[in-house]
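Computed over heavy atoms, backbone and side chain alike; hydrogens, waters and symmetry mates excluded. First listed ligand is number 1; within each ligand, the first listed atom is number 1.
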Amino acid sequence: VIDVAFTRAELRPVDIAVVIDVLRATSTATRALAAGYERVICTDSIERALALRAPGRTLAGERGCVIPPGFDLGNSPLESARRYTDELVLATTNGAPAIVAASETAGTVLLACLLNMDAVLSALRAACAGTTRTVQVVCAGTDDTPALEDAYVAGRLCAGLKGSRSDAALIAQSVAASHSSPLAALSASANACVLVKVGCADDITYCARESVLDTLPRVDDAGGGVATMTDAAPHRRAPRHARRSSMVASALRLYS
Ligand code: MLT
């Protein structure tokens with residue numbers, strides 16, 4: 001069964017959780033891994049991120065969509081497109097805590113956004129083929145309420161998967177079907193208005209780009225308010241012609 005949680009409060013134990021905060025935490029984390037960061041470490045608070053400050057780490061994040069004092073970068077996929085160190089520590093209001101929370105309830109946690117939509121769909125199809133694995137698409141939402149842009153991406157993911165689905169998944173699919181394009185859906189959201197106000201309109205346009213990265217962020221380690229993810233698609237090391245087959249093989253290994 002494919003289910004959708006519109007907020008963290010609806011999290012339930014499943015085999016695979018796919019966390020979405022398209023504006024902007026999962027877009028930033030995906031872009032960072034694509035840029036060559038070895039690990040992205042999500043934290044459930046600003047304080048915990050500051051406590052993780054160490055050589056080899058860059059601190060990125062936001063409060064009210066603005067870079068917090070003491071941080072190196074904002075929560076922006078455009079800023080995380082350049083790698084400065086081996087690890088990016090990411091602290092955000094809704095997305096990073098949702099990733100940490102999902103890591104406590106799901107066997108496997110993947111991160112999705114529009115940038116890596118096809119990579120996530122390929123991995124999910126491979127992982128679920130011929131099995132009864134349960135999947136929950138977890139929207140980060142905004143301050144414990146649903147966010148339009150996350151519901152849109154959740155609906156797009158659900159529409160791309162076979163199998164039975166919950167009413168929440170059907171609702172998300174209806175949201176996705178009612179928007180003409182990713183940019184139309186993202187631009188109509190309350191979070192987009194806030195981003196425009198703080199001068200981050202370019203992030204909205206970038207986050208609306210679809211399937212331009214084959215990065216597959218997967219949580220490898222979690223606990224104590226922290227979740228650490230790496231890119232589970234080994235495309236960086238594989239020769240170009242071997243990328244597609246190695247991605248599928250990697251997806252199968254994820255759940256074996
Ligand atoms: C969040 O985690 O609340 C968002 O990613 C906020 C933002 O886009 O800056």
Checklist entry - Less than 3.5 Å between some nitrogen or oxygen of L23 and one of ligand 1, yes or no? => result yes

Item to check | Residues R8 and D143 bridged, charged N to O under 4.0 Å | outcome: no

Checklist entry - Should you measure from each heavy atom of N94, which atoms of ligand 1 turn up under 4.0 Å away? => result 1 (C), 2 (O), 3 (O)

Item to check | Donor-acceptor side-chain pairing of T134 and D15 below 3.5 angstrom | outcome: yes

Checklist entry - Mind checking whether L195 has an N or O less than 3.5 Å away from an N or O of ligand 1? => result no

Item to check | Per-atom contacts of ligand 1 with N75, taking only distances under 4.0 Å to non-hydrogen atoms | outcome: 4 (C), 5 (O), 6 (C), 7 (C), 8 (O), 9 (O)

Checklist entry - Hey, is E62 close enough to R24 for a salt bridge, meaning N to O under 4.0 Å? => result no

Next on the checklist: Taking only non-hydrogen atoms of C65, do any sit less than 4.0 angstrom from ligand 1?
Outcome noted: yes

Item to check | Min N/O separation A25 to ligand 1 under 3.5 Å | outcome: yes

Checklist entry - Any side-chain heavy atom of V100 sitting closer than 4.5 Å to one from V226? => result no

Checklist entry - With atoms numbered from 1 as shown, which atoms in ligand 1 lie under 4.0 angstrom from a non-hydrogen atom of G95? => result 1 (C), 2 (O)

Checklist outcome for this item: Of all protein heavy atoms, the one nearest atom 9 (O) of ligand 1 is R24 NH2, 2.6 Å

Next on the checklist: Check this for me: does any side-chain nitrogen of one of R12 and D3 sit under 4.0 Å from a carboxylate oxygen of the other?
Outcome noted: yes

Checklist entry - Heavy atoms only: which of T92, D21, T93 is nearest to atom 4 (C) of ligand 1? => result D21

Checklist entry - Under 3.5 Å, side chain of E79 to main-chain N/O of G74, donor-acceptor pair present? => result yes

Checklist entry - What are the two closest heavy atoms between S80 and R31, and how far apart are they? => result OG-CB, 3.6 Å

